[in-house]
Amino acid sequence: MFTTTFSYQNSARSDSLPRDLVTEIQRLKRELNAVILAHYYQDPDIQDVADYLGDSLGLARQAATTNAEVIVFAGVHFMAETAKILNPEKQVLLPDLNAGCSLADSCPPDAFAAFKAQHPDHLVVSYINCTAAIKAMSDIICTSSNAVKIVSQIDRDQPILFAPDRNLGRYVMEQTGRELLLWQGTCMVHETFSEKKLVQLQTQHPAAEVIAHPECEPAVLRHARYIGSTTALLNYAQQSPSSAFIVATEPGIIHQMQKAAPHKQFIPAPPLNQCACNECPHMRLNTLEKLYWAMRQRSPEITLPEEVRLAALRPIQRMLAMS
Ligand code: 13P
Ligand code: SF4
């Protein structure tokens with residue numbers, strides 16, 4: 001069984017933060033020959049210092065092609081881990097090593113290995129939101145932006161096991177018209193949206209288009225005019241003639257939507273309770289301060305056993321070739 005290991009030097013932060021954090025981050029970037037890659041669900045101040053912002057596919061592509069010696073990954077663990085899988089010789093830093101993912105956690109390697117063993121004739125297609133151990137047991141990786149495209153390229157007679165997100169899996173089944181054996185994982189953020197409150201919000205904003213991420217539950221997706229990855233949602237919001245949108249994904253993306261289309265209105269889809277639980281608690285563990293410290297101390301760093309890395313690399317390379 002493969003397991004991942006983390007190395008975290010919890011060095012003492014004896015000195016205080018510089019007054020101009022952003023200038024100091026830019027200086028460290030030059031000093032380290034570093035690139036900052038950030039996901040749209042990061043805090044706006046992190047998005048604003050990033051060299052590249054993107055969805056999981058875009059970030060993986062950037063990680064695969066960067067010339068930088070150090071990759072500072074402002075995202076969650078599985079994303080930084082993917083960057084390390086693609087770049088064993090580079091240092092990959094994650095501002096907070098506890099920035100995990102409920103979806104990745106919903107697919108423990110031992111249970112998944114047993115499930116896979118029960119279906120030896122199935123090809124394993126795994127969503128990139130999983131650990132390196134799960135990637136190492138997969139045949140092809142996909143992201144929310146290429147899942148339909150990748151499954152469509154697989155021979156129709158080939159049975160497919162799709163993990164770990166059952167909502168993305170159901171969406172791919174609908175789009176491709178084929179049966180997939182689904183691992184029953186979910187994202188704690190995307191399953192929190194309330195259909196009832198969404199419908200109420202639509203009555204208050206009848207001209208607003210609902211746009212949603214495919215990790216949402218089917219009850220929410222059926223109200224969406226457009227479904228796509230974070231980058232796809234951002235592009236759609238820019239290009240659509242509509243001037244108002246109800247956005248059913250983590251609201252961090254609204255920072256870029258608002259920048260790209262300042263005259264349009266973006267309304268976050270409401271969660272079930274009176275909470276901020278549509279914000280990803282894992283993504284939001286990263287802060288600008290932690291990003292600075294990670295660059296300053298060159299820690300926490302992502303490390304992986306080489307046999308896991310190599311096994312996980314193959315299905316990622318297949319994805320990059322197929323998308
Ligand atoms: P994408 O950015 O690929 O759409 O993924 C969303 C997500 O949940 C990342 O954790
Ligand atoms: Fe994981 Fe969901 Fe957070 Fe994305 S939004 S990192 S899938 S918990």
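Atoms within a ligand are numbered from 1 in the order they appear, just like the ligands themselves. These numbers come from a predicted model, not from an experiment.
Closest protein heavy atom to atom 7 (S) of ligand 2: Asn129 ND2, 3.2 Å. For atom 10 (O) of ligand 1, the closest heavy atom belonging to the protein is Asn129 ND2, 3.4 Å. When only non-hydrogen protein atoms are considered, atom 1 (Fe) of ligand 2 lies nearest to Cys101 SG, 2.3 Å. Looking at atom 8 (S) of ligand 2, its nearest protein heavy atom turns out to be Ser102 OG, 3.4 Å. Scanning all protein heavy atoms for the shortest distance to atom 2 (Fe) of ligand 2 gives Cys187 SG, 2.3 Å. Ranking protein heavy atoms by distance to atom 3 (Fe) of ligand 2, first place goes to Cys280 SG, 2.4 Å. Among all non-hydrogen protein atoms, the one lying nearest atom 4 (O) of ligand 1 is His213 NE2, 2.7 Å. Annotation: atom 8 (O) of ligand 1 to nearest protein heavy atom, Glu215 OE2, 3.0 Å.
Taking every heavy atom of His39 and a limit of under 4.0 angstrom, the matching atoms of ligand 1 come to 1 (P), 2 (O), 5 (O), 6 (C), 9 (C). Atom numbering of ligand 1 starts at 1 in the shown order; those under 4.0 Å from a heavy atom of Ser56 are 1 (P), 2 (O), 3 (O), 5 (O). For ligand 1, the atoms sitting less than 4.0 Å from at least one non-hydrogen atom of Asp55 are 1 (P), 2 (O), 3 (O), numbered in the order shown with element in parentheses. Atoms of ligand 1 lying under 4.0 Å from at least one heavy atom of Met79, given by number and element, are 9 (C), 10 (O).
The local environment of CG in Asn67 is sparse, with at most 12 non-hydrogen atoms from other residues, nucleotides or ligands closer than 6.0 Å. Annotation: Arg27, atom CZ; neighbour count of heavy atoms from other residues, nucleotides and ligands within 6.0 Å is above 12.
No option in Lys259, Gln256, Gln42 other than Gln256 meets the side chain to side chain donor-acceptor pair (under 3.5 Å) test with Gln47. Between Asp96 and the choices Lys290, His77, Arg284, the side chain to side chain donor-acceptor pair (under 3.5 Å) rule is met once, by Lys290.
Judged purely by distance below 3.5 Å, without hydrogens or angles, the side chains of Ser145 and Thr143 pair a donor atom with an acceptor atom. For the residue pair Lys29 / Gln26, a side-chain donor-acceptor distance below 3.5 Å is found, with atom types taken as modelled.
In terms of modelled atom types and a separation under 3.5 Å, the side chain of Arg225 and the main chain of Val210 share no donor-acceptor contact.
Distances from ligand 1 to the non-hydrogen atoms of Thr143 include no value under 4.0 Å. Ligand 1 is approached by Ser144 to a heavy-atom distance shorter than 4.0 Å. Ligand 1 lies out of reach of Glu250, whose nearest heavy atom is not under 4.0 Å from it. At least one heavy atom of Glu215 sits closer than 4.0 Å to an atom of ligand 2.
In plain terms, the two heavy atoms of Gln158 and Arg178 that are nearest each other are O-NH2, 3.1 Å.
Residue contacts with ligand 1, taken as heavy atom pairs separated by less than 4.0 Å, involve Thr230 via backbone and side-chain atoms alike. Contact annotation: for Tyr40 versus ligand 1, there are no heavy atoms closer than 4.0 Å.
Of the N or O atoms in His190, none lie within a sub-3.5 Å distance of an N or O in ligand 1.
Taking backbone and side chain together, His282 holds no N, O or S atom under 2.8 Å from atom 1 (Fe) of ligand 2.
Note: Phe245 and Tyr236 have perpendicular aromatic rings, judged against thresholds of 30 and 60 degrees for the angle between ring planes.
Transitive grouping of hydrophobic side chains (ILVMFWY, heavy atoms separated by less than 4.5 Å) brings Val92 and Tyr52 into a common cluster.
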